A.B. asks: 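Quick one: structure below, then a few questions.
Remember, predicted model here, so these are calculated numbers, not experimental data. These numbers come from the heavy atoms of this one structure, side chains and all, not from hydrogens, waters or symmetry mates.
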Amino acid sequence: GLRWIGALGKQRLTFRTDSQLFKLDIVTMAGLRWIGALDMYRKVPVDLMEGTKRGSFLSLFAVFAMLILFLLETGEFFRQRLVTDLALDTSSEKRVRLNFNITMMDLKCEYTVLDVVSVLGTELNVSSNINKWHVDGAGVRQMYQGRNKEQHDIALHDKDVKESMDELLADGEEAVSLDEATFEFALKEQNFLFVDFYASWCSHCRELGPTWEVLAEVMTDVAESVVDDRDHDYSEDDYNEAVKVELPVMIAKVDCVIHKELCHKQMIQAYPTLRLFIDGERWRGGDYRGHRTVTEMAHWLTSIEEVYKKEVDDPTTKFHIVHEAALERMGKGEESDEEHEWAEKIKNRRAAHVASHEWVEKDHPGCQVSGHLMLDRVPGNFHIQARSPHHDMNPHMANLSHEIHELYIGEPVGKRFIDNSKIQAPAAVKKKMTPMNGNVYITLNLHEAYHHYLKVVTTNLEGLKMGAKRIKSYQIIQSSQLSFYRNDLVPEAKFIIDLSPISVSYRTTSRHWYDYLTSLMAIVGGTFTLVGMMESGIHAAVASRKKSRY
């Protein structure tokens, strides 16, 4: 049997068979109408559609536009974009590495000192990881000064000289004081002239004073012994002249406070400067840099004479008794055979060193300093200054002109990755990592030097790492200005460093695939709709014009 079962909004038809019960829901006619209205793809009968040349042209235009937009959108999808993020610098590193290669154009390596100053402390004369190279007058790197070069201690005066300066001068002054005129005369008249360029305010010079006077007395004693060995009947004046003639070396001194022009012509940068002149010319081996004792200076003069004798082919010598006279004057008595043998070995070694390592002072006015510093991540500075533990520097002769070949912060391996384009970084960022490379800073006047202010920004680049360790790079925002010093202060080339609390991160990003598909659909639909609107407008205009004719 069949029977109707009523339901709200529906009619249910139920019928039974022998095996099962079927139920069929019949949707109301109103529901069927709604589904029909939902059809978004209604078809227009083919008989009602009309093709036109205008439609064909617009269709080709639409296809061409969609193709162009499709290619552009595809290129945009595959292109990676660089995104910049700013955040507080949360680096756990306690120190940063600063790498540098700087040439001091007019500062000798022996006076070039690098200091590091920060709020956590001061390091003076940093030598670890620092190399120095002598640079000639043309700026060409020459002799290697040394790795981890420190200014070694030397004896600043002879402690065996017990007399004071007043006691030594009681019977007259042996070290001759020179001025501009007498200095030129001494150069012409003396084969060997050993001059102490000093300043009256210099503490090292005051300490050396008695030693220098004793060295002059030794030379006088040697000359007197030579004269006394002759059979002579000299008057007192003739005797004094004969002694002057026989002086092995004329020991003289110049007060640079009084005779500034003379010291300026001689390019005296530090006090005391002990300089030897031979036959009116400055000794090519450079100024004396050894221990400032009577015997050491006598040894040095003897080794110089050995080289000089070979050059001029002159077997005669005046220095063969200088060493013995120095020992006798200092009260050290006769040498034993072992001491004499040792002294001869030292003398021969020094003579060989002088001959094989000739030093042309004019060819080495500058110093190239390179290496790296580990700086605390706090505000501070490092500076290059003219200083020596054995000299008092002449402030107006300190020229801090310099050229920065390279200066950057961070690990060298990270810089190599960026330079070799293994890591993507904007060109502007790469330039800011080494903004001072190749810059030259020349001081034209006395008592001035350049100060450089470096604002350092931590920079994180995507993919910059060694193994699992991420490597940070640093951008530098720098400004430089010329600073002026008081006349009694030695200028210094200063690099003031301040780390920014903000870090910058650069990462690459690309579009998602669903953004790409959505854009393609928008291109197709939008182009079709826009061209359809254009066609409808043109059609309406043409139809209106036809009506107006009739």
Side-chain angles (χ1 to χ4, degrees), residues 80-102 114-123 126-131 148 369-384 404-439 451-480 493-510:
Q80 291 186 331
R81 293 178 294 116
L82 200 64
V83 179
T84 304
D85 299 318
L86 298 179
L88 287 175
D89 187 4
T90 58
S91 175
S92 59
E93 296 178 353
K94 295 183 179 180
R95 289 190 158 193
V96 296
R97 172 170 171 155
L98 184 141
N99 308 277
F100 64 93
N101 186 349
I102 301 173
L114 193 148
D115 300 334
V116 177
V117 179
S118 74
V119 296
L120 298 182
T122 300
E123 288 185 80
V126 177
S127 57
S128 179
N129 304 312
I130 304 298
N131 297 326
N148 299 337
V369 187
S370 64
H372 71 270
L373 301 171
M374 299 304 297
L375 304 177
D376 296 314
R377 292 181 64 92
V378 295
N381 70 80
F382 77 93
H383 53 263
I384 300 175
I404 300 177
H405 305 290
E406 187 174 54
L407 190 148
Y408 67 95
I409 297 176
E411 296 295 332
V413 63
K415 183 176 182 296
R416 286 198 297 270
F417 284 164
I418 296 172
D419 292 341
N420 297 334
S421 300
K422 294 182 178 180
I423 300 298
Q424 185 177 2
V429 173
K430 294 173 65 174
K431 187 175 181 180
K432 287 182 181 178
M433 290 180 178
T434 55
M436 306 182 74
N437 287 12
N439 290 359
H451 288 186
H452 309 287
Y453 299 87
L454 312 181
K455 189 71 173 181
V456 180
V457 181
T458 304
T459 304
N460 300 303
L461 296 175
E462 188 177 30
L464 185 58
K465 58 183 179 180
M466 283 288 292
K469 180 184 177 182
R470 293 187 61 85
I471 301 176
K472 295 184 179 295
S473 54
Y474 298 86
Q475 298 182 65
I476 299 175
I477 303 172
Q478 68 92 19
S479 62
S480 303
K494 183 178 289 187
F495 298 79
I496 302 168
I497 300 173
D498 183 23
L499 275 83
S500 171
I502 303 297
S503 65
V504 182
S505 299
Y506 295 92
R507 56 184 175 87
T508 56
T509 183
S510 58

A.B. asks: Taking atom types as modelled and ignoring hydrogens, do the side chains of Asn460 and Ser505 form a donor-acceptor contact shorter than 3.5 angstrom?
C.D. replies: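 A pair is found: one side chain offers a donor N or O, the other an acceptor, under 3.5 Å apart.
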A.B. asks: Can you sort out the partners of Glu406 under salt bridge (Lys or Arg N to Asp or Glu O under 4.0 Å), two or more places apart, ordered by chain and number?
C.D. replies: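 So Glu406 forms a salt bridge (Lys or Arg N to Asp or Glu O under 4.0 Å) with Lys415.
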A.B. asks: Checking the side chain of Thr458 only, and the main-chain atoms of Tyr474 only, is there a donor and an acceptor separated by less than 3.5 Å?
C.D. replies: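 Such a contact is absent between Thr458 side chain and Tyr474 backbone.
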A.B. asks: Between Val504 and Thr84, is there a side-chain heavy-atom distance shorter than 4.5 Å?
C.D. replies: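 Side-chain contact under 4.5 Å: yes.
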A.B. asks: Does Asp89 pair with Arg377 as a salt bridge, N-O distance under 4.0 Å?
C.D. replies: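 Judged by the 4.0 Å cut-off on N to carboxylate O distance, Asp89 and Arg377 do form a salt bridge.
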A.B. asks: For Tyr408, which residues count as a ring-ring contact (aromatic ring centres under 6.0 Å, His included) partner, sequence neighbours excluded?
C.D. replies: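 If we apply the ring-ring contact (aromatic ring centres under 6.0 Å, His included) test to Tyr408, skipping adjacent residues, there are no hits.
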A.B. asks: Closest heavy-atom contact between Ile476 and Pro435?
C.D. replies: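 What the structure gives for the nearest pair is O-CG, 3.4 Å.
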A.B. asks: Per the side-chain contact (heavy atoms from CB on, under 4.5 Å) rule, which among Leu407, Leu499, Ile477 passes with Leu454?
C.D. replies: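 Only one of Leu407, Leu499, Ile477 forms a side-chain contact (heavy atoms from CB on, under 4.5 Å) with Leu454, namely Leu407.
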A.B. asks: So do the side chains of Leu373 and Arg97 get within less than 4.5 Å of each other, counting heavy atoms only?
C.D. replies: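 In short, these two side chains do not touch, never coming nearer than 4.5 Å.
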A.B. asks: Can you find a pair of side-chain heavy atoms, one from Ile418 and one from Met433, that are under 4.5 Å apart?
C.D. replies: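 Ile418 reaches Met433 side chain to side chain.
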A.B. asks: Mind checking what makes salt bridge (Lys or Arg N to Asp or Glu O under 4.0 Å) contact with Arg95, not counting sequence neighbours?
C.D. replies: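 Once residues adjacent in sequence are excluded, the partners of Arg95 under the salt bridge (Lys or Arg N to Asp or Glu O under 4.0 Å) criterion are Asp376.
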A.B. asks: Between NZ of Lys472 and CD1 of Ile409, what distance do you get to the nearest 0.5 Å?
C.D. replies: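 Nearest 0.5 Å value for the NZ-CD1 distance: 14.0 Å.
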A.B. asks: Taking Thr459 for the side chain and Val457 for the main chain, is one N or O donor matched with an acceptor at less than 3.5 Å?
C.D. replies: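 A pair under 3.5 Å: yes.
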A.B. asks: With distance as the sole test, does Glu462 use its side chain to make a donor-acceptor pair with the main-chain N or O of Tyr506 at under 3.5 Å?
C.D. replies: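 No: the side chain of Glu462 does not pair with the backbone of Tyr506.
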A.B. asks: Does NZ in Lys465 sit with more than 12 non-hydrogen atoms of other residues, nucleotides or ligands closer than 6.0 Å?
C.D. replies: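 Incorrect, the count does not exceed 12.
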